[in-house]
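Report on the structure given below.
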Amino acid sequence: MSDSAYRVETTSRLAQWRIDNLASCTYRKSDPFKMGKWNWHLAVEKNRMLFIKLYPEISNLTRDNPPIASFIIRVISSVGDRKALTHPEIIDKQIKNNDDFVWAIEVPLTGKFIIDVEFLDLKITSPDGGDPCSIWADGSALKNSDATALSSLGRMLTESIHTDIIINASDGSIGAHRAVLASRSPVFRSMFLHDLKEKELSAINISDMSIESCQVFLNYIYGNIAHDEFLTNRLALLQAADKYDISDLKEACHESLLEDIDAKNVLERLQNASLYQLPKLKGSCMRYLLKFGKIFDIREDFNSFLQCADRELIAEIFHEILAAWKGF
């Protein structure tokens, strides 16, 4: 049997194991696949019923910090109308070994099928005995900001210490500092060096951002951003980073948007990946839709998306669809 029979494909927080035929065996365990800090296995066992197991590989990490997992697991027929069986959503279940999560399926499965696991969150026990903490909510995308901004800059912004420029957003204004803006953005620096209206009027109009998003944008520039406000405003921050040529912010948004692609946001992210030239995000969205078959789950949304998407992007999508069909 080929190695591909045991390989689990992964992207972002999604894992899929394609099984072509179980007729010749009663037990099969996948190769290990990486999700979060752990290597995982899927296993299927056929007896009177079909048993599906999900568990982390035995290791020192698993013994010392077993994952506390939230996930949705499905079995999808990979032919015909792609009927799916879905297990009730698992929330905050600690999994240490291959007996901690077992799904017994009474419906007989024939032909090709896919085991689809969407990881909603992975947590570990807090070392101080508090509530478990998510490994995906540690703010790692913001380390560049913390490294490039002095802690005192945050107070300069929040307390309006000697501000010398006004930022006019679509629904409000906020004071800032020319020197800080110029040091973080070549676009702002150019405004202040040349005889532009921003220099003369001591004001910058950012009418395409709300005051809330603009505040978060400045918080990032000043090294004073909270992780939750970063997550909430990623798309607005991406637009601002591209417009004002702040490459570290653009990359932080890019990396963060890769982490939680799902059926609700994949089309919007694909559009933004094309608009702002984010190749990894575009590739991950394409892979999620086509290789993992999620395009079938959002047919109506996808049809609406085709009515307004950029023509070049539509052509690229159909090129990938044709390539996938040829490969199949």
Is it the case that the side chain of N97 and the backbone of D99 share a donor-acceptor pair, with hydrogens and angles ignored and the cut-off at 3.5 Å?
yes
Between N60 and R63, do the side chains contain an N or O donor and an N or O acceptor separated by less than 3.5 Å?
yes
Can any side-chain N or O of N265 pair as donor or acceptor with the backbone N or O of I261 at less than 3.5 Å?
no
Taking atom NZ of K243 as the centre, does the number of heavy atoms from other residues, nucleotides or ligands within less than 6.0 Å exceed 12?
yes
Of all heavy-atom pairs linking Y276 and K250, the shortest is O-NZ, 3.1 Å
Determine yes or no for a side-chain-to-main-chain donor-acceptor pair under 3.5 angstrom, with R184 supplying the side chain and L181 the backbone.
no
I'd like to know if the side chain of S274 and the backbone of L270 have a donor-acceptor N/O pair within less than 3.5 Å.
no
Closest non-hydrogen atom pair, C214 against A169
CB-CB, 4.1 Å
Smallest heavy-atom separation, M35 atom then S12 atom, equals SD-O, 3.5 Å
Test: D100 and K93 ion pair at under 4.0 Å
no
Quick one: does S183's side chain have a donor or acceptor within less than 3.5 Å of a partner on V180's backbone?
yes
Could you pull out the closest heavy-atom pair between L289 and I298, with the gap in Å?
CD2-CD1, 3.7 Å
Which of these, Y55, F71, F119, sits in a ring pair (Phe, Tyr, Trp, His ring centres under 6.0 Å) with W40?
F119
Please name the pair of heavy atoms, one in Q16 and one in D116, separated by the smallest distance, quoted to 0.1 Å.
NE2-OD2, 2.8 Å
Is the shortest heavy-atom distance from the side chain of E57 to the side chain of H41 under 4.5 Å?
yes
Does a side-chain heavy-atom distance below 4.5 Å link I225 with L237?
yes
Is there a donor-acceptor pair under 3.5 Å between the side chain of K282 and the backbone N or O of C285?
no
Where do F217 and M209 come nearest, in terms of heavy atoms and distance?
CB-CE, 3.9 Å
For atom CD of E159, decide whether the heavy atoms of other residues, nucleotides or ligands shown that lie under 6.0 angstrom number more than 12.
yes
Is there a side-chain contact between V44 and I19, using heavy atoms and a 4.5 Å cut-off?
yes
Taking the six-membered ring for Trp, are Y244 and F188 closer than 6.0 Å centroid to centroid?
yes
Side chains of Y220 and D248: does their closest heavy-atom pair fall under 4.5 Å?
yes
Does L267 belong to the same Ile/Leu/Val/Met/Phe/Trp/Tyr cluster as L313, with side-chain heavy atoms less than 4.5 Å apart forming each link?
yes
side-chain hydrogen bond (donor to acceptor under 3.5 Å, both in side chains) involving H254 - partner list, sequence neighbours excluded:
none
Do you see a donor-acceptor pair shorter than 3.5 Å between the side chains of Q239 and D208?
yes
Do I90 and L54 come close enough that some side-chain heavy atom pair is under 4.5 Å?
no
More than 12 foreign heavy atoms under 6.0 Å from CD of E212: is that the case here?
no
Verify, without hydrogens or angle tests, whether S30 (side chain) and L42 (backbone) share a donor-acceptor contact under 3.5 angstrom.
yes
Output side-chain donor-acceptor pairs under 3.5 Å for residues 228-236, partner residues at least two apart or in another chain, one line each.
from, atom 1, to, atom 2, distance (Å)
E229, OE2, N219, ND2, 3.2
E229, OE2, A226, N, 3.0
T232, OG1, D228, O, 2.9
N233, OD1, S213, OG, 3.2
N233, ND2, E229, O, 2.9
R234, NE, L231, O, 3.2
R234, NH1, S256, O, 3.2
R234, NH1, S256, OG, 3.1
R234, NH1, D260, OD1, 3.3
R234, NH2, D260, OD2, 3.2

Ring pair (Phe, Tyr, Trp, His ring centres under 6.0 Å) filter on F113, not counting sequence neighbours, yields none
Could you check L14, D262, V266 and say which one makes a side-chain contact (heavy atoms from CB on, under 4.5 Å) with K294?
L14
From K264, R13, R74, residue fulfilling salt bridge (Lys or Arg N to Asp or Glu O under 4.0 Å) relative to E118:
R74
Aromatic ring centroids of F101 and H87 under 6.0 Å?
yes
Going by atom types alone, do N168 and S173 pair a side-chain donor with an acceptor below 3.5 Å?
yes
Could R178 and F192 be counted as a cation-pi pair, given that NZ or CZ must be under 6.0 Å from the ring centre and within 45° of the axis?
yes
Mark yes when over 12 heavy atoms from residues, nucleotides or ligands other than I58 sit less than 6.0 Å from its CD1; otherwise mark no.
no
Polar side chain donor-acceptor pair, S160 to T163, under 3.5 angstrom
no
